[in-house]
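Letters A, B, ... are given to chains in the order of the sequence lines, protein chains preceding strands, and every chain is numbered from 1.
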Number of protein chains: 2
Amino acid sequence: MTTSVRQTRPPQPTLEMVAEVAGVSRATVSRVVNGSTRVGPEIVAAVTTAVEELNYVPNRAARSLASRQTQALALVVPEDMTRFFGDPYFAAVVQGITRRLDQSDFTLNLLVASSDPQHKTLRYLRSGNVDGALIISHHTGDDFVAELETTMPVVFGGRPANADNLEAYFVDVDNAAGADLGTQRLVDLGRRRIGTVTGSADMPAGIDRLTGFLRALERAGIPTDAVEHGDFTVQGGAAATRRLLERCPDIDGLFVASDLMGTGALDVLREHGRSVPGDVAVVGFDDSPAATRGSVPLTTVSQPSEEMGFAMADVLLRRLADDADDDDDDDDDDESVPHRTIMPTRLVLRESA
Amino acid sequence: MTTSVRQTRPPQPTLEMVAEVAGVSRATVSRVVNGSTRVGPEIVAAVTTAVEELNYVPNRAARSLASRQTQALALVVPEDMTRFFGDPYFAAVVQGITRRLDQSDFTLNLLVASSDPQHKTLRYLRSGNVDGALIISHHTGDDFVAELETTMPVVFGGRPANADNLEAYFVDVDNAAGADLGTQRLVDLGRRRIGTVTGSADMPAGIDRLTGFLRALERAGIPTDAVEHGDFTVQGGAAATRRLLERCPDIDGLFVASDLMGTGALDVLREHGRSVPGDVAVVGFDDSPAATRGSVPLTTVSQPSEEMGFAMADVLLRRLADDADDDDDDDDDDESVPHRTIMPTRLVLRESA
DNA sequence: TTGTAGGCGTTATCAA
DNA sequence: TTGATAACGCCTACAA
């Protein structure tokens with residue numbers, strides 16, 4: 001061996017080379033590679049041998065150019081990295097998506113993008129890199145989505161923010177019902193001065209959970225003024241709790257719109273000398289790992305985040321399959337894939353309430 | 001508007017269509033799109049107008065097929081999702097990588113892959129989806145890497161596990177020196193019964209940090225038997241600490257090979273009624289957000305994780321640029337891109353030691 | 001400076 | 001069942 005050879009990379013084998021080795025045409029190799037049944041057994045064997053001998057792997061670009069498909073999906077997350085990695089909710093959703101995709105031969109492209117304001121992301125999407133897109137953590141302002149939908153099938157995690165979006169496909173839980181459930185727990189515990197730290201006001205999940213909270217309080221005839229806005233981050237949750245404590249020092253119950261914010265709330269409560277659940281009972285939302293990470297294990301409204309990711313991928317895959325079938329036929333919608341998939345929430349009792 | 005139109009997606013515009021609208025040839029449009037300077041100003045204007053009018057975006061597959069480049073990189077992480085999302089170290093590295101890539105027009109493909117044992121991942125890589133790969137958290141067993149290097153330029157985060165890999169490019173810190181530094185802090189504090197919770201034994205970072213720990217103790221003439229193996233997870237760190245406490249109940253100093261494991265250690269220490277740093281002084285490694293997440297802020301050996309990600313991407317991009325230049329010329333290595341990039345560590349003092 | 005033409009590695013449409 | 005032969009959308013000599 002010479003000591004310093006420039007690593008020269010052998011060119012990847014092509015269909016043509018395989019065809020030559022196997023003594024058949026490119027078309028036949030293509031059939032074998034793609035698992036067509038209409039090929040003679042001994043030919044299949046010959047091709048398979050050649051493929052392994054040459055260590056052949058099909059070129060994705062060429063395949064996608066010819067077939068107009070990529071076998072890839074994008075997961076678009078309009079948040080910055082810190083946020084994305086900071087909230088276990090995202091981890092669960094990604095986990096679910098990949099679990100579904102592992103059963104297919106689609107791959108996932110993660111697009112975490114608030115830094116470069118959607119421009120690069122949108123270009124990436126529009127340049128035919130993927131067959132469809134999954135969008136989570138969608139904010140009111142993220143209207144690049146509208147354009148996206150005209151380009152490729154899209155499925156949302158959480159009801160999309162655009163009010164006009166009646167045709168949108170999404171997977172969600174009934175956030176209002178969930179929040180109601182969580183708040184009711186506080187009521188049932190006999191708490192009568194109940195506050196909330198909301199999620200982002202520009203996200204349906206934030207808005208709906210507030211709605212559910214208010215509904216429960218009104219039903220119980222409890223004042224609904226103890227509301228402070230958070231943003232689904234630990235810091236935001238902590239800050240909101242601080243403001244709440246300042247404004248309403250007498251609260252004895254707190255509904256926090258996410259477990260992550262819940263940990264922030266717990267910190268502030270302790271910092272202010274309030275015991276949990278003694279002085280203040282706390283209920284979170286998500287049932288993410290964050291729920292058990294704080295000083296007190298959180299009672300929380302559980303949503304099946306991972307299952308939601310799984311369902312999102314599943315819906316998108318089915319839409320894609322449908323599109324492939326429709327060669328021409330009907331324009332009446334069979335509705336084989338439902339636009340909305342609503343998953344259940346349930347209350348998980350731990351120590352905080 | 002009809003109520004239920006099957007969303008029919010208009011075909012994406014092509015170079016050819018732009019050419020027609022602008023009244024020039026495809027070649028010219030291609031030049032303009034790719035920013036060639038050798039084009040008349042008014043032609044550039046015409047083409048630009050046409051591009052915007054049609055909302056044209058180049059097709060990646062076609063471009064990549066013709067140019068034999070993808071303008072995409074892969075980040076390969078041979079870990080499961082839970083682990084990937086659980087350790088802030090990865091978040092920092094990804095952050096750094098994307099920060100570098102944002103200055104280029106390369107995109108990043110994240111491949112978190114221990115589930116499907118590398119098969120799908122390897123196929124993805126080998127089918128020409130990316131121009132190069134970044135690999136972090138590389139274990140001894142992950143030998144698929146060897147094959148990868150023959151296919152495309154690769155840069156490692158952390159010295160690769162394969163001993164024979166002299167030609168490998170990587171970005172790392174001097175783990176042994178860092179661990180030595182951290183351990184020395186415990187010695188300087190007057191601790192004389194010092195233990196360690198190591199990282200994974202099949203990863204260079206784990207091994208080297210143990211080496212540094214041992215070196216510091218030997219220098220100080222302190223027994224080196226208080227060693228328990230962790231695996232860079234909270235649970236692993238906690239379990240190792242538990243074993244250590246059982247075996248050496250008298251330890252007064254603890255070097256933990258990662259902050260994440262450090263939080264696990266802190267929990268166990270408290271659970272056993274040991275105060276920190278009173279009874280046991282603790283030093284971590286990484287200086288990740290996990291360092292300040294536990295009950296006591298960790299004194300830790302800081303490594304510039306985000307900068308390391310940035311550097312990894314930078315090295316890979318430069319290798320790629322070099323490869324593009326070398327049309328034929330030399331076979332003596334200019335070594336314009338260094339094989340190893342070693343970043344500094346420093347001790348960050350907080351409350352735990 | 002601009003246009004022509006060939007090719008990149010597959011898939012898909014025909015015939016045979 | 002198999003094999004020619006077009007596309008697919010773009011880049012890139014080469015020629016004008």
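The line from CG of B:Leu134 to CG of B:Leu110 is 10.0 Å long, rounded to the nearest 0.5 Å. Atom CG of B:Leu108 is separated from atom CD1 of B:Ile97 by 5.5 Å, given to the nearest 0.5 angstrom.
The side chain to side chain donor-acceptor pair (under 3.5 Å) search around B:Ser127 returns B:Asn129, not counting sequence neighbours. When the salt bridge (Lys or Arg N to Asp or Glu O under 4.0 Å) test is applied to B:Arg318, the partners found at least two apart in sequence or on another chain are B:Asp314. Remark: B:Phe90 pairs with B:Phe84 by the ring pair (Phe, Tyr, Trp, His ring centres under 6.0 Å) rule, at least two apart or across chains. In this view, B:Asn34 and B:Ser30, B:Arg63 satisfy the side-chain contact (heavy atoms from CB on, under 4.5 Å) rule, not counting sequence neighbours. For the salt bridge (Lys or Arg N to Asp or Glu O under 4.0 Å) test, no residue two or more places apart in sequence or in another chain qualifies with B:Arg31.
Of all the residues in residues 47-64 of chain B, not one reaches under 4.0 Å from DNA chain C with any non-hydrogen atom. Contacts between residues 32-43 of chain A and DNA chain D, counted as heavy-atom distances below 4.0 Å, involve A:Arg38, A:Val39, A:Gly40, A:Ile43. Non-hydrogen atoms lying under 4.0 Å from DNA chain C are contributed by nothing in residues 15-23 of chain B.
If one axis is set at each end of the helix from C:dT1-D:dA16 to C:dA16-D:dT1 from five pairs, those axes are 40° apart, to 10°.
Shortest non-hydrogen contact noted between B:Arg60 and B:Thr70 is NE-O, 3.4 Å.
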With a cut-off of 3.5 Å and sequence neighbours excluded, list every side-chain donor-acceptor pair involving residues 10-25 of chain B.
unit_1: B:Gln12; atom_1: NE2; unit_2: A:Arg126; atom_2: O; d: 2.9
unit_1: B:Thr14; atom_1: OG1; unit_2: B:Glu16; atom_2: N; d: 3.3
unit_1: B:Thr14; atom_1: OG1; unit_2: B:Met17; atom_2: N; d: 3.3
unit_1: B:Ser25; atom_1: OG; unit_2: B:Ala27; atom_2: N; d: 3.4
unit_1: B:Ser25; atom_1: OG; unit_2: B:Thr28; atom_2: N; d: 3.3
unit_1: B:Ser25; atom_1: OG; unit_2: B:Thr28; atom_2: OG1; d: 3.2

For nucleotides 12-16 of chain C, give me every protein contact, N/O to N/O, under 3.5 Å, one pair per line with atom names.
none

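Here chain A contacts DNA chain D (any atom closer than 4.0 Å to a heavy atom, that is under 4.0 Å), and the contacts span D:dT1 to D:dG9 from 5' to 3'.
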